[in-house]
Novice: 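One structure, as structure tokens, below. Some questions next.
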Amino acid sequence: MNWNNIISGHRTGGTTGPKESRTDYQRDFDRLVFSSAFRRLQDKTQIFPLPGSTFVHNRLTHSLEVASVGRSLGKLIGNKLVEAGSVDEDQQDFYLHELSNVIASACLAHDIGNPAFGHSGEDAISSYFVDHAHTEIEGNKKLREYFSGNQWHDLIRFEGNANSFRILTHQFNGKSTGGYRLTYPVLAAILKYPCESVSVDKNHVHRKKFSFFQSEKELGAEILRNLNIDEVEDGTGFFKRHPFVYLTEAADDICYRIVDFEDAQRLHILSFELVYEMFLNLIHEISHPKNDLKRIKSTLESIGDPNEQISYLRAIAINSLTLETTDLFMQRKEEIISGAYNKGLLDELTEKYQTLQEIQDISINRIYNHDTVVELEITGYRVMSDLLGLFIPAILKSKRLMKDKKVLRLLPDQFKKDDPKPYAQVFSVLDYLSGMTDSYAIELYRKLFGIEISKHA
């Protein structure tokens with residue numbers, strides 16, 4: 001595994017088409033932007049519920065901003081790897097001009113598999129199977145008995161990261177082979193946890209969660225082997241991280257650490273004074289040569305609007321962290337390319353900078369556990385759980401009651417499976433439910449449980 005052999009022009013579903021004005025990696029970016037799954041992110045929760053007249057981030061705007069930071073990281077680090085002599089001459093063009101597109105595309109795709117209602121949607125799916133493991137579905141057969149051990153782990157640990165990989169690569173009914181037909185480097189750059197659910201180990205950064213359901217495990221391994229990514233141990237089925245993952249992850253971490261703070265200020269969850277002080281402290285603490293504090297403070301005095309002052313500091317904070325991440329990546333590049341680096345880049349920077357740790361602590365205590373956030377999580381948990389309670393027993397029964405048949409008529413054709421195996425059938429439901437937006441899930445819930453009566457449009 002070295003900087004020259006971890007890239008490839010291969011893509012799922014076959015080779016690329018005729019050459020055109022766009023490069024392969026630019027085409028990946030465009031495919032994602034115009035995809036329906038990406039558009040649906042505009043109505044999927046990032047942190048806060050729909051805030052009325054105060055606009056804050058949803059999954060779509062978050063992903064666009066992460067892609068912007070990711071593009072910068074790819075450009076900066078690609079240039080530095082070439083300057084450092086880490087890349088052979090025949091691969092320099094990729095690092096100088098294409099790595100930025102790869103990371104930007106991966107950043108667009110990184111949240112595409114998250115269900116409605118943020119992480120509570122994931123938890124609701126997992127908990128449904130845990131809570132109903134011994135529920136009899138038909139006759140004396142309990143829910144747990146329909147699945148193998150590995151399949152069951154996928155369900156009780158339902159993971160948005162693995163669902164992203166599934167959406168991007170799975171051939172749904174009536175769709176193209178190879179899913180979105182993205183290039184292997186872009187797909188590898190979102191595999192933060194390159195293992196299956198049974199290999200999860202909280203002591204290793206690349207195994208805290210998982211990126212492959214059983215249905216995509218072989219494809220994931222094929223992609224990583226094609227890119228010369230080593231297994232941690234031969235035959236184990238879990239791999240080292242592709243080096244590009246660290247850039248996708250860092251771009252995501254930079255954005256949510258800083259932008260969640262900005263959003264909280266706009267919603268008056270955090271005071272202007274606190275956010276202003278934290279951002280200014282962080283900029284001062286990083287002390288990057290480009291950060292002229294005297295000039296920054298002078299500019300702040302010329303800005304009258306408090307929200308704009310915070311936005312100005314947010315921009316400088318993100319830029320400072322981007323530059324620091326670039327420097328840290330280059331310091332750790334040998335550990336990263338060998339697969340020995342067992343941290344996230346922002347985690348290491350958080351150990352270095354006290355203000356980053358304070359921002360993280362405040363976010364956990366006062367933002368992610370704010371009443372409005374918790375209320376939305378509980379709502380999402382109830383909505384997803386009850387919808388699963390309608391669809392899962394219906395899809396598993398061999399002799400369906402009229403109600404079961406009616407419920408399954410709601411399942412769109414693209415998600416229906418010819419494969420009669422329970423695992424495939426259940427995933428036809430999970431593909432449908434996890435793809436829903438917050439609003440659509442709530443609307444369907446209200447109609448199916450009699451809170452609102454459907455009317456013919």
Novice: Please report the C-alpha distance between L32 and I112 in whole Å, then the side-chain angles of each, then the deciding distance to 0.1 Å, and finally whether the side-chain contact (heavy atoms from CB on, under 4.5 Å) criterion is met.
Specialist: CA-CA 9 Å; L32 288 161; I112 213 163; 4.3 Å; yes

Novice: So which heavy atom on C107 is nearest to which on A251, and how close?
Specialist: SG-CB, 3.9 Å

Novice: Assess, by modelled atom type and distance only, whether the side chains of T23 and E98 contain a donor and an acceptor separated by less than 3.5 Å.
Specialist: yes

Novice: Report the residues that fulfil side-chain contact (heavy atoms from CB on, under 4.5 Å) with S363, sequence neighbours left out, ordered by chain and then residue number.
Specialist: F261, I359, I367, Y368

Novice: Identify, with sequence neighbours excluded, every residue that meets ring-ring contact (aromatic ring centres under 6.0 Å, His included) alongside F212.
Specialist: F165

Novice: List the residues meeting salt bridge (Lys or Arg N to Asp or Glu O under 4.0 Å) with R446, not counting sequence neighbours, and say none if there are none.
Specialist: E452

Novice: Quick one: list whatever passes salt bridge (Lys or Arg N to Asp or Glu O under 4.0 Å) with K421, sequence neighbours left out.
Specialist: D419

Novice: Could you check if a side-chain atom of L60 sits within less than 4.5 angstrom of a side-chain atom of F38, using non-hydrogen atoms only?
Specialist: yes

Novice: Give a yes or no answer on whether the side chain of R39 reaches the backbone of F34 with a donor-acceptor pair at less than 3.5 Å.
Specialist: yes

Novice: Looking at T248 and H110, what are the two nearest heavy atoms and their distance?
Specialist: CG2-CB, 4.3 Å

Novice: Quick one: side-chain contact (heavy atoms from CB on, under 4.5 Å) partners of R332, sequence neighbours excluded?
Specialist: L328, E335, I336, Y341, E348

Novice: Heavy atoms, side chains only, cut-off 4.5 Å: are P194 and R241 in contact?
Specialist: yes

Novice: Under a 3.5 Å threshold, yes or no: a donor from one side chain and an acceptor from the other, between Q357 and D361?
Specialist: yes

Novice: Using 0.5 Å steps for rounding, measure from the CD atom of E136 to the CD atom of E145.
Specialist: 8.5 Å

Novice: Provide the full list of ring-ring contact (aromatic ring centres under 6.0 Å, His included) pairs with a residue in residues 177-201, sequence neighbours left out, each pair given once.
Specialist: H10-Y184

Novice: Any donor and acceptor pair, going by atom type alone, linking the side chain of N369 with main-chain N or O of V374 inside 3.5 Å?
Specialist: no

Novice: Taking only distance into account, with no hydrogens and no angle test, what donor-acceptor pairs under 3.5 Å do side-chain atoms of residues 389-399 form with protein atoms, sequence neighbours excluded?
Specialist:
{"unit_1": "K397", "atom_1": "NZ", "unit_2": "D404", "atom_2": "OD2", "d": "3.2"}
{"unit_1": "S398", "atom_1": "OG", "unit_2": "E138", "atom_2": "OE1", "d": "2.9"}
{"unit_1": "S398", "atom_1": "OG", "unit_2": "E138", "atom_2": "OE2", "d": "3.4"}

Novice: Could you tell me whether Y25 and F29 have their ring centroids closer than 6.0 angstrom?
Specialist: no

Novice: State the OG-CG distance between S63 and N58, to the nearest 0.5 angstrom.
Specialist: 8.5 Å

Novice: Looking only at atom types and distance, does a side-chain atom of N342 sit under 3.5 Å from a main-chain N or O of V205, one as donor and one as acceptor?
Specialist: yes

Novice: Given side chains that start at C-beta, do those of N307 and R266 come closer than 4.5 Å, heavy atoms only?
Specialist: yes

Novice: Is the shortest heavy-atom distance from the side chain of D30 to the side chain of S105 under 4.5 Å?
Specialist: no

Novice: So, are K416 and D413 salt-bridged, with charged N and O less than 4.0 Å apart?
Specialist: yes

Novice: So, the side chain of H62 versus the backbone of Y256: is there a donor-acceptor pair under 3.5 Å, distance only?
Specialist: no

Novice: Please tell me if the side chains of R11 and D28 come closer than 4.5 Å, counting only heavy atoms from C-beta onward.
Specialist: yes

Novice: Which residue pairs pass the salt bridge (charged side-chain N to carboxylate O under 4.0 Å, His left out) test when at least one of the two sits in residues 66-75, sequence neighbours left out?
Specialist: none

Novice: Verify, without hydrogens or angle tests, whether R366 (side chain) and L270 (backbone) share a donor-acceptor contact under 3.5 angstrom.
Specialist: no

Novice: Ring-plane angle category for Y445 and F449, please: parallel below 30°, perpendicular beyond 60°, tilted otherwise.
Specialist: tilted

Novice: Which residues satisfy the side-chain hydrogen bond (donor to acceptor under 3.5 Å, both in side chains) test with S215, sequence neighbours excluded?
Specialist: R166

Novice: Identify whether the distance between the nearest side-chain nitrogen and carboxylate oxygen of D111 and K192 falls below 4.0 Å.
Specialist: no

Novice: Go through the structure and list residues passing side-chain contact (heavy atoms from CB on, under 4.5 Å) with A250, not counting sequence neighbours.
Specialist: L73, T325, L345, L346

Novice: Please evaluate residues L155 and F427 with respect to the criterion side-chain contact (heavy atoms from CB on, under 4.5 Å), reporting the C-alpha separation (whole Å), side-chain torsions for both, the decisive distance (0.1 Å), and the verdict.
Specialist: CA-CA 9 Å; L155 299 175; F427 259 93; 4.0 Å; yes

Novice: Are L349 and D253 side-chain neighbours, meaning at least one heavy-atom pair lies under 4.5 Å?
Specialist: no

Novice: Which residues pass the salt bridge (Lys or Arg N to Asp or Glu O under 4.0 Å) test with D88, not counting sequence neighbours?
Specialist: none

Novice: Does anything in residues 117-133 pair up under salt bridge (charged side-chain N to carboxylate O under 4.0 Å, His left out), and if so which pairs, sequence neighbours excluded?
Specialist: none

Novice: For side-chain contact (heavy atoms from CB on, under 4.5 Å), just list the numbers for R314 and S311, CA-CA rounded to whole Å, side-chain angles, deciding distance to a tenth of an Å, and then say yes or no.
Specialist: CA-CA 5 Å; R314 175 257 299 151; S311 294; 3.6 Å; yes

Novice: Counting C-beta onward and ignoring hydrogens, is there a side-chain heavy-atom pair between L430 and L388 closer than 4.5 Å?
Specialist: yes

Novice: Is the gap between the ring centers of F129 and F158 under 6.0 Å?
Specialist: no

Novice: Please confirm whether R207 makes a cation-pi placement over F238, using NZ or CZ under 6.0 Å from the six-membered ring centre and within 45° of the ring normal.
Specialist: yes

Novice: Taking V198's backbone N and O only, do any of them form a donor-acceptor pair with E196's side chain (distance below 3.5 Å, no angle check)?
Specialist: no

Novice: Working to the nearest 0.5 angstrom, can you tell me the gap between R31 CZ and T183 OG1?
Specialist: 9.0 Å

Novice: Evaluate the side-chain contact (heavy atoms from CB on, under 4.5 Å) criterion for residues I223 and T12: first the C-alpha distance (whole Å), next the side-chain angles of each, then the deciding distance (0.1 Å), finally the verdict.
Specialist: CA-CA 9 Å; I223 289 171; T12 56; 4.2 Å; yes

Novice: Measuring from D154:CG to I125:CD1, what's the distance to the nearest 0.5 Å?
Specialist: 12.5 Å

Novice: Quick one: does Y381's side chain have a donor or acceptor within less than 3.5 Å of a partner on S127's backbone?
Specialist: no

Novice: Kindly determine whether N226 and E222 satisfy side-chain hydrogen bond (donor to acceptor under 3.5 Å, both in side chains), including the steps that lead there.
Specialist: CA-CA 6 Å; N226 178 273; E222 175 191 324; over 6 Å; no

Novice: Minimum heavy-atom separation for I7 to P185, with atom names?
Specialist: CA-CG, 4.3 Å

Novice: Got F239 and R225 here, is their nearest side-chain heavy-atom distance under 4.5 Å?
Specialist: yes

Novice: Ignoring hydrogens and geometry, is there a side-chain-to-backbone donor-acceptor pair from R181 to G13 under 3.5 Å?
Specialist: yes

Novice: Quick check for you: to the nearest 0.5 Å, what is the distance between R40 atom CZ and D438 atom CG?
Specialist: 12.5 Å

Novice: Counting neighbours of NZ on K406 that are heavy atoms of other residues, nucleotides or ligands and sit closer than 6.0 Å, is the number greater than 12?
Specialist: no

Novice: Taking the six-membered ring for Trp, are W3 and Y95 parallel (under 30°), tilted (30 to 60°) or perpendicular (over 60°)?
Specialist: perpendicular

Novice: Between NE2 of H119 and CG of N114, what distance do you get to the nearest 0.5 Å?
Specialist: 6.0 Å

Novice: Whether the side chain of R59 engages the backbone of K44 through a donor-acceptor N/O pair (distance < 3.5 Å, no angle test) should be reported.
Specialist: no

Novice: Between the main-chain N or O of F147 and the side-chain N or O of R144, is there a donor-acceptor pair closer than 3.5 Å?
Specialist: yes

